[in-house]
Amino acid sequence: RRMQWLIFYHDSMKSTALQLKELMGEGVVLSRLEWKRFNDGFPNLQINKEDCHRLEEFHGTSILVSFHNTDVIFEQLCLLQALPKMRARNFHVILPWFCTGTMERVETLGQIA
């Protein structure tokens with residue numbers, strides 16, 4: 001596992017994760033997560049137990065995120081906060097594209113809409 005990366009990804013980014021795996025071959029291991037929710041709507045995520053135990057064995061850990069919808073942002077932020085606490089090494093976040101808003105919503109200098 002000397003130069004392998006463990007890649008976590010949101011379900012909405014599965015096709016991108018598979019393309020990344022195809023490009024990098026043996027250099028990438030895709031982790032499986034269960035993206036569930038509690039009855040109150042809060043995230044109930046479960047990382048593959050094997051991956052939890054071997055995080056430190058990989059050269060690096062990445063999460064491939066998508067902020068395409070406000071419903072999925074919070075659950076991904078929960079994972080972003082948890083992975084470093086689980087001793088993920090060389091941690092990187094991959095956000096392929098995120099539009100903060102459109103110019104017609106901005107009304108004052110410094111506003112991010």
Hey, what do you get for [atom1] ([X]) to [atom2] ([Y]), rounding to the nearest 0.5 Å?
{"X": "E75", "Y": "L77", "atom1": "CD", "atom2": "CG", "result": "9.5 Å"}
{"X": "M86", "Y": "H53", "atom1": "CE", "atom2": "NE2", "result": "9.0 Å"}
{"X": "E34", "Y": "N44", "atom1": "CD", "atom2": "CG", "result": "8.5 Å"}
{"X": "Q46", "Y": "R32", "atom1": "CD", "atom2": "CZ", "result": "12.5 Å"}
{"X": "S31", "Y": "E50", "atom1": "OG", "atom2": "CD", "result": "9.0 Å"}
{"X": "E26", "Y": "M3", "atom1": "CD", "atom2": "CE", "result": "14.5 Å"}

Does F74 belong to the same Ile/Leu/Val/Met/Phe/Trp/Tyr cluster as L80, with side-chain heavy atoms less than 4.5 Å apart forming each link? no
Minimum heavy-atom distance G41-R37, with the two atoms named: O-NH1, 2.5 Å
Where do H68 and S66 come nearest, in terms of heavy atoms and distance?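 Smallest interatomic distance, heavy atoms only, reads ND1-OG, 2.8 Å.
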Looking only at atom types and distance, does a side-chain atom of R89 sit under 3.5 Å from a main-chain N or O of E56, one as donor and one as acceptor?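 Yes, because the side chain of R89 sits within donor-acceptor range (under 3.5 Å) of the backbone of E56.
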Test your reading of the model: is there a side-chain donor-acceptor pair from K21 to the backbone of V28, 3.5 Å cut-off? yes
Mind checking whether [X] and [Y] have side chains closer than 4.5 Å, heavy atoms only?
{"X": "F67", "Y": "H10", "result": "no"}
{"X": "I47", "Y": "L79", "result": "yes"}
{"X": "M13", "Y": "I94", "result": "no"}
{"X": "L18", "Y": "Y9", "result": "no"}
{"X": "V72", "Y": "D11", "result": "no"}
{"X": "N90", "Y": "W5", "result": "yes"}

So with a 6.0 Å cut-off around CG of N39, is the heavy-atom count from everything else above 12? no
Residues two or more places apart in sequence or in another chain: which of them pass ring pair (Phe, Tyr, Trp, His ring centres under 6.0 Å) with F38? none
Output, in order, the C-alpha distance, side-chain angles, deciding distance and verdict of side-chain contact (heavy atoms from CB on, under 4.5 Å) for R54 and V29. CA-CA 12 Å; R54 61 186 188 152; V29 174; 3.7 Å; yes
By the definition side-chain contact (heavy atoms from CB on, under 4.5 Å), identify the one residue from L64, L45, T61 that meets it with F8.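 Exactly one candidate clears the test, T61.
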